[in-house]
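All chains are named by letter (A, B, ...) in the order of the sequence lines, taking the proteins before the strands, and each is independently numbered beginning at 1.
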Amino acid sequence: MAEIPECDFKKIEEKWVGKFAASKKSDSPDKFYLLEMFPYPSGALHMGHMRNYSIGDTYKRFLEMKEKSVIYPMGYDAFGLPAENAAIKSGIHPKKWTMKNIEKMMSQQKKMGLSYQWDRLVITCEKEYYKWNQWFFLKMYERGIAYKKDAPINWCPGCQTVLANEQVVAGKCWRCNSTVEIKHLKQWFFKITAYAEELLADLEKLDWPEKVKIQQRNWIGKSEGVRIKFSVEGERVLEVFTTRPDTLWGATYMAISPHHPEIGNLAGSKIGEVEKLRRLAVSQNPEEKEKFGVELDKKAVNPATGEKIPIYAANFVLMEYGTGAIMCVPAHDKRDFEFAKKYKIPIRVVINPPGKNLDEKKMENAYTEEGILKNSGNFSGMPSGKAKREIARFLEQKGTGKTEINWHLRDWLVSRQRYWGTPIPIVNCPRCGLVAVNERNLPVELPENVKFTGKGNPLAEAEEFVNTKCPKCGGPAKRETDTLDTFVDSSWYFLRYLDSKNDSAPFSSEIANRLMPVDQYIGGIEHATMHLIYARFFTKVLRDLGLVKTDEPFKKLLCQGMVLKDGAKMSKSLGNVVSVNEILDKFGADTARLFILFAAPPERDLEWNAESVRGCHRFLKKIWNLAHHAFSTQPVAGISEEEKKELHFVTAKTIRNVENDLARFEFNTAISAIQEFTNFIQGLFGKHGNFDGFREAMKTAIKLLYPAAPFITSELSEKFSISLKTFPEYRKEVLESHEKEIIIQVNGKLRGKLKIKPGTSEDEVFRKAIEIETVRKFAGEKIRKKIYVPNKILNIVTGG
RNA sequence: GGGGGAGUGUCGGAACUGGUAUACGAAGCGGACUUAAAAUCCGCUGCCCGAAAGGGAUUGAGGGUUCGAAUCCCUCCUCCCCCA
């Protein structure tokens, strides 16, 4: 027998990396847009990326074998804080840092064998890209979708800078530990709320995991209720929003945000305490912290009962939600109940559970369900549902309320007081106010010569950037120094991929209409709300601008699970990180990809296991060796008719299973099917040596394995002239005509097995079954019933 | 607090719409090859009773529906994730 060369993974991978990276676009008319969430260029791929891309590339190669024209791009989400932090820390310019990181990550991606269409590359920090962010901003500004308003921000007095929510840890700055203050600044917003209804309704159209849709529904948070006016002593009015107007008679106090504009008029002698409360309320989670309140001097009037009720300034009422004031019904709301107990406010039951009578003196918890009204004037005795409508009508007639739809979704705050982002193309003119930069003067370039001190926004200090002329009057004016949230960049990158070199438009509408939507999007669940809502919103805005026709950017979504080590998420602090480079160097890309796909189904978390990785490596070597056995000698031995039939059947079954599994992203079972098939071939080879049909079987195995392990299979295909262009096919008849195994049960317990020709009658199956000794023993004399599922199972039920 | 998901051998996991529970891989044990080891190949391997043939129980716990339940329904326990 000929000597089998050792499988040199390193050499094979080096040879094929270049060829994969240069992969050509197919011209099949059957397009498929396959997209992976592009990474932030932090400097190195982690296992999460590796998993994401292994899934994507395997699916891409499978689709190509099924003769689809696949669009498979890659890019980098290159603006963002880490680059700026690196600049503050080590003095490297964010651009240099970012571009170097991109280079490193790209080389890792190539090493993994990912066959991206690199000519589509998008890097969001390049002016060729962010120019169009600015262009969209101007279009949105024209239409009132981009606007500026006062908003609270987290301000660190130590760093003299604005902090994102995640940079505030327990009320302190993450970097310098100063106590964070709430400041009010003029901020830019995108009016995403104008699309709330459509964003909610169109979820129906999407083939997304139900849990992501639920998260989005909650995030959008549509609630129908009533806006009610409570009059206050001194002829002022406080408005509240409630989804439970049926509990109005039970409202025994009100609570308002310490930031409420009316607070000064209501607090009276308590203003000092309110100030204290405001400071306390800084950037902490309202749900987690203890509830505090200050009773104000003025009292409100419950419009239903006419009673005077106290008003509290409370730290759990947010100005950003509803009206910044709420009516409190302690008997029927958990939070109101706790607060009322703490401050000894009366509790009054106005809703009874059906068939029960609650007693406020004995209640230990609020009753928050709906029920039957009591103590509610004319509405007593009504069920909650009806009472909600009737009370709303009653208030409308009285002029003290109106029905309203409220949203949890807020407008998207896009201002960042940061350098490393897209400059907002607006000029502040002392005479003309806010003026848009002229479209033909885009891009407003980010100046490179700035200082990174960690204090304030470097852009605001860049004199030659800030000082400009007003586009309207030509007088001296100052540029906007806020930059755009990086979620703007990721809201349309998938459109730029389709036409990445276009310098006269963000993309060609003709191309976008032909290739959108993305047929399959793959990424992490952590983007279930933010990114995936912003991108949907952006697509709808672009549609309304006439740039695309599609309503939704991502038709199908796959959210992959996390990669764990020792039961925990890989993280530096736990010291359980497995490095991508190490794994690629030690075992090679094929092994790494195969393990990632094999160890767990994509949606589930994946436990990294070094031993199991070795198993995948072993399997690849087995394929290599068997292929060489098959092709380096001539077939010498025939196999029996029986074995030949079985081989054909197993081959067909394997092709069918692998194809179905790959189409459904069930890579783990696809790979196990190939392994089973390989074991079967190996069994025949062990028995007969190079047998008739060995080569054909190995060809099939190699083709099936190609999407997941492209390097070794490409090498073998070249060596032994195997075409990897198309997916193997099988004949249905081979599967249908094969003999079936029937399970024989007695009273639901397995008592025997039977091989039959397909289509054997029930009577005959029964006759044969009863001949089996164990079956006869357990079935006994009295057979009560027979259940027969054709080609599958016969259950014999006995006794009385 | 709200929302979602998962509990199956020693481990990762399989079981299509209710029809052989534990495929495939790992680990373990035994054997072949070898001076030896690695690599490779072959075989065995969830639990209890039994020498064996065989039988019994078993999918986090308990109950239910069904000829038949890991899968459907109810109650409970544990773990994880996301959002706030």
Query raised in the report: Looking for any heavy atom pair under 4.0 Å, which part of the strands does F778(A) touch: base, sugar-phosphate only, or nothing?
Result: sugar-phosphate
Requested in this report: Would you check if the distance from the ring center of H688(A) to the ring center of F694(A) is below 6.0 Å?
Outcome: no
Report task. Please give the nucleotide sitting opposite A39(B) as a Watson-Crick or G-U wobble pair, both distances under 3.5 Å, or none. Result -> none
Requested in this report: Sequence neighbours left out, what pairs pass side chain to side chain donor-acceptor pair (under 3.5 Å) with at least one residue falling in residues 744-753 of chain A?
Outcome: N747(A)-T798(A)
Requested in this report: Taking side chain to side chain donor-acceptor pair (under 3.5 Å) as the test, write out the residues that go with E715(A), two or more places apart.
Outcome: K15(A), W16(A)
Query - U65(B) versus U78(B) - spacing of their P atoms, nearest Å - result: 28 Å
**Report entry** Atom-to-atom span, CG of L409(A) to C1' of A84(B) - whole angstrom
**Finding:** 14 Å
Query raised in the report: With a 4.0 Å cut-off on heavy atoms, is N660(A) in touch with a base, just the backbone sugar-phosphate, or nothing at all?
Result: nothing
Query raised in the report: Taking the C1' atom of each, how far is G46(B) from A27(B), in whole Å?
Result: 14 Å
Query raised in the report: Can you name the side chain to side chain donor-acceptor pair (under 3.5 Å) partners of K687(A), sequence neighbours left out?
Result: E643(A)
Requested in this report: For U66(B) and U17(B), measure between their P atoms and round to the nearest Å.
Outcome: 23 Å
Query raised in the report: Whole Å only: how far is the CD atom of Q682(A) from the C1' atom of G43(B)?
Result: 13 Å
**Report entry** From G4(B), G56(B), C67(B), nucleotide with atom closest to N795(A) side chain
**Finding:** C67(B)
Query raised in the report: Touch check for R751(A), heavy atoms < 4.0 angstrom, all strands: base, sugar-phosphate only, or nothing?
Result: sugar-phosphate
Query raised in the report: What residues, two or more places apart in sequence or in another chain, satisfy side chain to side chain donor-acceptor pair (under 3.5 Å) together with H531(A)?
Result: Y521(A)
Query raised in the report: Would you say A69(B) has OP1 or OP2 under 4.0 Å from some side-chain N or O of K749(A)?
Result: no
Report task. Output, in order, the C-alpha distance, side-chain angles, deciding distance and verdict of ring-ring contact (aromatic ring centres under 6.0 Å, His included) for F619(A) and F598(A). Result -> CA-CA 12 Å; F619(A) 170 65; F598(A) 179 64; 8.5 Å; no
Query raised in the report: Quantified in whole Å, what is the C1' atom distance between nucleotide A26(B) and nucleotide U45(B)?
Result: 13 Å
Query raised in the report: Expressed in whole Å, how much space separates the C1' atoms belonging to G64(B) and G25(B)?
Result: 37 Å
Report summary line: Any strand, both distances under 3.5 Å, Watson-Crick or G-U wobble: A26(B) pairs with U10(B)
Requested in this report: For U59(B) and U71(B), measure between their P atoms and round to the nearest Å.
Outcome: 9 Å
Query - Integer angstrom distance from the P of C76(B) to that of G3(B) - result: 15 Å
Report summary line: Heavy-atom contacts, protein to nucleotides 20-33 of chain B, under 4.0 Å, summarised as B (base), S (sugar-phosphate only) or - (none) per nt, yield B--BBSSS------
Query raised in the report: So what does P601(A) touch, heavy atoms closer than 4.0 Å: a base, only the sugar-phosphate, or nothing?
Result: sugar-phosphate
Report task. Please identify each residue that fulfils side chain to side chain donor-acceptor pair (under 3.5 Å) with T193(A), with sequence neighbours left out. Result -> D411(A)
Query raised in the report: Taking Q187(A) for the side chain and L413(A) for the main chain, is one N or O donor matched with an acceptor at less than 3.5 Å?
Result: no
Report task. Round to the nearest Å and state the distance from I214(A) atom CD1 to G4(B) atom P. Result -> 5 Å
Requested in this report: With C1' as the reference atom in both, quote the distance from U20(B) to A70(B) in angstrom, rounded to an integer.
Outcome: 14 Å
Report task. Name the pairing partner of C79(B), where a pair is Watson-Crick or G-U wobble with both distances under 3.5 Å, or state none. Result -> G5(B)
Query raised in the report: Paired with A70(B) by Watson-Crick or G-U wobble geometry, both distances under 3.5 Å: which nucleotide is it?
Result: none
Requested in this report: Look at the side chain of W219(A) and decide which nucleotide, out of C83(B), C67(B), G3(B), has an atom nearest to it.
Outcome: C83(B)
